[in-house]
There are 2 protein chains.
Amino acid sequence: MSKKQNTTLKDLALALELSISTVSRALNDHPDISISTRERVKLLATKLHYTPNLFAKGFRTHRTHILGVIVPNISHYFTTTILKGVLSESENLGYRVIISESKNDEIKQTEMLETMIQFGVDGILMALARKTKSIDSILQIQNRIPLVLFDKVSDKIPCTQVVINDEEAAYNAVEHLINTGKTRIAIIKETEQSFNSRKRFEGYLRALKEHNLPIDEKIILSTEDISLNKGKMLTNNLLSLKNRPDAIFAITDSAAIGAIKALNKFNVEIPNEIAVVGFSNNINSTIINPSLSTVDQPGEKIGRTAISYLIDEIENPKETLLTKTVEIKTNLIVRDSSFVP
Amino acid sequence: MSKKQNTTLKDLALALELSISTVSRALNDHPDISISTRERVKLLATKLHYTPNLFAKGFRTHRTHILGVIVPNISHYFTTTILKGVLSESENLGYRVIISESKNDEIKQTEMLETMIQFGVDGILMALARKTKSIDSILQIQNRIPLVLFDKVSDKIPCTQVVINDEEAAYNAVEHLINTGKTRIAIIKETEQSFNSRKRFEGYLRALKEHNLPIDEKIILSTEDISLNKGKMLTNNLLSLKNRPDAIFAITDSAAIGAIKALNKFNVEIPNEIAVVGFSNNINSTIINPSLSTVDQPGEKIGRTAISYLIDEIENPKETLLTKTVEIKTNLIVRDSSFVP
DNA sequence: CTGAAAGCGCTTACAG
DNA sequence: CTGAAAGCGCTTACAG
C-alpha cells in the first residue's frame with residue numbers, strides 16, 4: 001500500500017529556488033511578497049497539487065479549523081435538520097465539524113468538552129444535556145475557547161445563544177386555536193422547568209390572558225419525560241374530566257401525536273370536538289391521521305446561524321463574555337388537526 | 001479572556017529533573033523506563049492535569065485519531081441510528097469522528113474525501129452517494145488511508161463493506177406474506193439498480209419461485225426516486241388493475257407508508273384485502289394506521305461494526321486490498337399491516 | 001522584497 | 001535505565 005508523498009513547502013522552495021519563508025508568505029498572500037513571485041509560487045503549488053499540512057499549521061498556529069458540536073440525541077429529526085445547517089455553513093466557511101452525543105448525560109457532556117478541547121477544536125457549539133446542573137465546567141471551557149449554545153440553552157452561561165422564539169410561537173399556536181373558536185385549551189408540558197418548556201408555557205398563559213380566557217389548572221398537564229406515550233396517557237386523563245377541553249396544545253409533536261392516537265381510539269372527532277396543535281414539525285406530523293397542525297422550527301437556519309456566530313467569535317475574539325440571545329422566527333403550519341381560521 | 005496554559009512534557013521534565021525523552025517514554029509505558037520512574041511521572045502528570053497535545057502528537061506520528069464519515073443524508077432516521085453506533089464505538093476506542101453530508105452528489109463526495117484527508121483523518125467510513133459512477137477517485141483514496149463502506153456499497157471497490165442481508169431480509173418479508181395466505185404479491189422498488197434495491201428484488205423473486213408462485217411483471221413496479229408520494233401513486237396504479245394484488249412489498253418504509261395512505265383513501269381493508277410490508281423500521285412505521293410490518297435494520301450495530309473494522313485496519317495495516325462483505329442480520333417485525341402468521 | 005533561524009510539543013533512532 | 005538531538009511542516013519576528 002504505497003502512500004502518496006504530499007508536496008510540502010520545502011519541495012516548492014527547492015523547485016523555485018526560493019526560501020521556505022518566501023513560499024509560505026506567497027501562498028498566504030503576504031503583502032511583502034511581490035505579485036510576480038506570488039503568482040509563480042501559486043502556479044507551481046496548484047501544478048504539484050500542494051495542500052498545506054493542516055496538522056503542522058494547526059500545531060503552529062493553535063488553530064485547527066475544526067469545531068466541536070455536542071447534541072443530546074442525534075436521532076431527533078429536529079437535531080438532524082440543525083446539523084444539516086451546521087455542516088453546510090461550516091463547510092462554506094472552511095471548517096470541519098466533530099459531532100458527539102451527550103445522551104442527556106451531564107457527566108458525558110463534561111468529558112466530551114474536555115476531549116474536544118484536547119482534540120484542538122477552535123470552538124464549541126452545544127445544546128445542553130437535560131438537567132445540566134453544574135455550569136462550572138462549562139464556564140471553564142469558555143476561558144479556553146469560544147462557546148455558542150443553541151436550542152437547549154441556559155441564562156446562566158454568558159455566551160451567544162441561538163434559540164427559536166418559543167414564547168411567541170406558543171402564543172401564536174394557542175391564539176390560532178382561540179381564533180378558530182376554541183375556548184378551553186389544555187396544555188401538555190414538561191414538569192421540569194427547561195428553558196423551552198417554560199417559555200412555551202408562558203406563551204400559552206399570555207394567549208389565554210390576552211383573550212380573557214380563564215386559566216384552569218385541571219387542564220394544565222405536566223410530565224417528567226414528555227413522549228408519545230405520555231401524550232396518550234395524559235389525553236386519556238383529559239377525556240375522563242367532566243368538563244373536557246375543546247383543544248390540546250402539546251409542547252412537542254410526539255406528545256401531540258400521542259394525543260391524536262388517544263382521541264382516535266375513543267372516536268373523538270378532530271378538530272370538531274377537540275383540536276390538537278403540536279410543536280416542531282417532525283416528519284411524523286404528516287404521517288398521523290389527521291395530519292398535525294404544528295409549529296415549524298427552521299432547523300437548518302438555526303444551525304447556520306449558530307455556526308456563523310461561533311466562527312465570528314473565533315476569528316474576532318471578544319474581550320468580554322456576555323449573554324446574547326438570537327431568536328429565530330418560527331412558523332405555524334395549519335393542517336387537519338385544527339380548523340383553518 | 002485568560003487562556004489556561006496547558007501542561008507540557010517540558011513542564012513535567014523540569015519539575016521532575018528528568019529529560020523530556022524520559023518523560024515521554026514513561027507516559028507511553030516504554031519498557032526501557034524503570035517502573036518507579038514511570039510511576040513518578042504519571043503521578044505528577046495527573047496532578048498537573050497533563051493532557052498530551054494531540055496536534056503535536058499527530059503532526060509527529062501522522063496519526064490523528066480522527067475518522068471521517070460521509071453519509072448521503074444525515075436526516076434519514078436509519079442513518080442517525082448508524083451514526084449513534086459510529087459515535088459510541090469510536091469514542092470507546094479513543095477516536096473522534098468528523099461527519100459530512102454528500103447530499104448524494106458525487107462531486108461533493110469527491111471533494112469531501114479530499115478535504116478529509118487534508119484534515120488528517122486516519123481512515124474513512126462512507127455510504128456511497130447514489131449513482132456514484134467514477135470509482136477512480138475512491139480507489140485513489142485507498143492508496144492513502146483505510147476505507148470502509150457501509151449501507152450503500154459497491155462490488156467494484158476492494159474494501160470491507162458492512163451491509164445488511166438485503167436479499168435474505170426481502171426473502172423473509174415476502175415469505176411471511178406467503179405464509180399468511182397471500183399469493184399475488186406486488187413489489188415497489190427502484191428503477192435504478194442500486195446494490196440494495198437489486199438484492200431486495202432478488203429476495204422477492206426467490207421467495208416467489210421457491211413457493212411456486214407466478215411472477216407477474218404487471219405487479220412489479222419501479223420508480224426512479226422512491227418516496228412516500230411515489231408509493232401512493234404506484235399503489236393507485238395497482239388498485240386500477242383488473243387483477244389486484246393481495247399484498248404489497250415495498251423496499252422502503254416511506255413507499256410502504258404511501259401505499260397504506262393510498263389504500264386507506266380508497267377504503268381498502270388492510271391486511272384483509274391487501275397486506276403491506278415495508279423495509280427499515282422507521283419511526284414512522286408505528287405512527288401510520290394500521291402500523292406497518294417491516295424489516296428492522298439494526299443501525300447501531302452496523303455503525304459499531306463498520307467502525308471496528310475501520311479502526312482494525314488503521315491499527316493493523318493490511319498488505320492487500322480485497323473486498324470483504326460483512327452481513328448484519330435483520331429482523332422482520334410484524335405489526336397490523338399484515339397478518340400474524 | 002527575501003532569507004535564516006527559532007520554535008510550536010512531541011517521538012524516536014542513536015549513543016552511552 | 002536515561003539523555004541529547006533531530007525532525008515532523010509550518011509561521012513569523014528579526015535582520016538585511
Side-chain angles (χ1 to χ4, degrees), chain A residues 3-42 44-45 48-66 94 117-122 144-145 315, chain B residues 3-42 44-45 48-66 94 117-120 122 144 315:
Chain A
K3 306 273 171 191
K4 192 195 278 181
Q5 202 59 43
N6 279 321
T7 311
T8 67
L9 287 188
K10 200 175 167 188
D11 299 330
L12 296 177
L14 242 57
L16 293 164
E17 298 193 306
L18 285 169
S19 73
I20 296 178
S21 339
T22 304
V23 172
S24 168
R25 290 195 187 95
L27 290 173
N28 291 320
D29 267 324
H30 195 291
D32 270 4
I33 309 296
S34 71
I35 303 280
S36 65
T37 307
R38 286 192 226 172
E39 280 171 354
R40 274 176 66 216
V41 173
K42 287 181 187 173
L44 188 69
L48 297 185
H49 299 107
Y50 171 75
T51 50
N53 177 325
L54 293 179
F55 255 74
K57 202 167 178 168
F59 174 42
R60 187 66 178 72
T61 59
H62 295 284
R63 288 279 307 281
T64 59
H65 285 256
I66 295 179
I117 289 209
Q118 210 182 121
F119 270 87
V121 298
D122 288 346
R144 312 215 237 158
I145 54 171
E315 301 190 342
Chain B
K3 306 274 173 190
K4 192 194 279 182
Q5 203 57 43
N6 278 321
T7 310
T8 67
L9 287 187
K10 200 174 166 188
D11 300 330
L12 297 177
L14 242 58
L16 293 164
E17 297 192 306
L18 284 169
S19 73
I20 296 180
S21 339
T22 304
V23 174
S24 168
R25 289 196 187 95
L27 291 173
N28 291 320
D29 267 324
H30 195 292
D32 270 4
I33 309 297
S34 71
I35 304 279
S36 65
T37 307
R38 285 192 227 172
E39 279 171 356
R40 273 178 67 217
V41 173
K42 286 182 188 170
L44 188 69
L48 297 185
H49 299 107
Y50 170 75
T51 50
N53 178 326
L54 293 179
F55 254 74
K57 201 166 179 170
F59 173 42
R60 187 67 178 70
T61 58
H62 296 284
R63 287 279 307 279
T64 60
H65 285 257
I66 295 180
I117 289 208
Q118 212 182 118
F119 269 86
D122 289 347
R144 311 216 238 158
E315 301 189 342

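Just so we're clear, the structure is a prediction, and the values are computed from it rather than from any experiment. By convention in this document, chain letters (A, B, ...) are assigned in the order of the sequence lines, proteins followed by strands, and residues within each chain are numbered from 1.
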When you match B/Ile35 and B/Ala56 each to their closest nucleotide on DNA chain D, which lands nearer the 5' end?
-> B/Ile35

Would you mind telling me which residue lines up with the more 5' stretch of DNA chain D, A/Lys57 or B/Leu18, judged by nearest nucleotide?
-> B/Leu18

Would you kindly give the [atom1]-to-[atom2] distance between [X] and [N], to the nearest whole Å?
X        : N      : atom1 : atom2 : value
A/Asp29  : C/dC1  : CG    : P     : 13 Å
B/Lys10  : C/dC10 : NZ    : P     : 11 Å
A/Arg40  : C/dC1  : CZ    : P     : 14 Å
A/His62  : D/dG9  : NE2   : C1'   : 15 Å
B/Leu16  : D/dT2  : CG    : P     : 12 Å
A/His30  : D/dT12 : NE2   : C1'   : 8 Å
B/Leu12  : C/dT11 : CG    : P     : 12 Å
B/Phe119 : D/dC10 : CZ    : C1'   : 16 Å

side-chain N/O [X] vs [N] OP1/OP2, d < 4.0 Å:
X       : N      : answer
B/Thr22 : D/dT2  : no
A/Tyr50 : D/dG9  : no
B/Asn28 : C/dT11 : yes
A/Thr37 : C/dC1  : no

Which residues share a side chain to side chain donor-acceptor pair (under 3.5 Å) with B/Lys42, sequence neighbours left out | B/Asp29

Quick one: the dot-bracket string of DNA chain C, using Watson-Crick and G-U wobble pairs with both distances under 3.5 Å, [ ] for crossing pairs and | for bases paired to another strand.
-> |||.||||||||.|||

Work out which heavy atom in [X] is nearest to a heavy atom in [Y]; give both atom names and the distance.
X        : Y        : answer
A/Ile33  : A/Arg25  : CG1-CB, 3.5 Å
B/Val23  : B/Ala13  : CG2-CA, 3.7 Å
B/His62  : B/Asp122 : O-OD1, 4.2 Å
B/Gly120 : B/Thr64  : O-OG1, 2.6 Å
B/Tyr50  : B/Leu27  : CE2-CD1, 3.6 Å

Separation of B/Thr8 OG1 from B/Leu14 CG (nearest 0.5 Å) | 8.5 Å

Run the side chain to side chain contact (heavy atoms under 4.5 Å, CB included) check on B/Asn53 and B/Lys57 step by step: do they pass?
-> CA-CA 6 Å; B/Asn53 178 326; B/Lys57 201 166 179 170; over 6 Å; no

Apply side-chain contact (heavy atoms from CB on, under 4.5 Å) to A/Glu315 and list each qualifying residue two or more places apart in sequence or on a separate chain.
-> A/Arg63, A/Tyr95, A/Ile311

With sequence neighbours excluded, residues passing side-chain contact (heavy atoms from CB on, under 4.5 Å) with B/Leu48 = B/Thr7, B/Leu12, B/Leu44

Which nucleotide in the list C/dT11, C/dG3, D/dT11 gets nearest to the side chain of B/Leu9?
-> C/dT11

With respect to the side chain of A/Asn53, which nucleotide from D/dG9, D/dT2, C/dC10 is positioned closest?
-> D/dG9

Could you walk me through whether A/Leu16 and A/Thr22 pass the side chain to side chain contact (heavy atoms under 4.5 Å, CB included) test, one step at a time?
-> CA-CA 10 Å; A/Leu16 293 164; A/Thr22 304; over 6 Å; no

Answer whether the closest heavy-atom distance between the side chains of B/Arg60 and A/Phe59 falls below 4.5 Å.
-> no

Under 3.5 Å, which N/O atoms of the protein pair with N/O atoms of nucleotides 14-16 of chain C?
none

Heavy-atom donor-acceptor pair, B/Thr51 side chain to A/Gln118 backbone, under 3.5 Å = no

May I ask you to say what A/Ser24 touches in the nucleic acid, namely base, sugar-phosphate or nothing, with a heavy-atom cut-off under 4.0 Å?
-> base

Separation between the P atoms of D/dG9 and D/dA13, rounded to whole Å = 23 Å

Give me the distances for all protein-to-nucleotides 5-7 of chain D N/O pairs that come in under 3.5 Å?
| from | atom 1 | to | atom 2 | distance (Å) |
| --- | --- | --- | --- | --- |
| D/dA5 | N6 | B/Ser21 | OG | 3.4 |
| D/dG7 | N2 | B/Arg60 | NE | 2.2 |

For A/Phe59 and D/dC10, say yes or no: do the ring centres fall under 5.5 Å of each other while the ring planes differ by less than 30°?
-> no

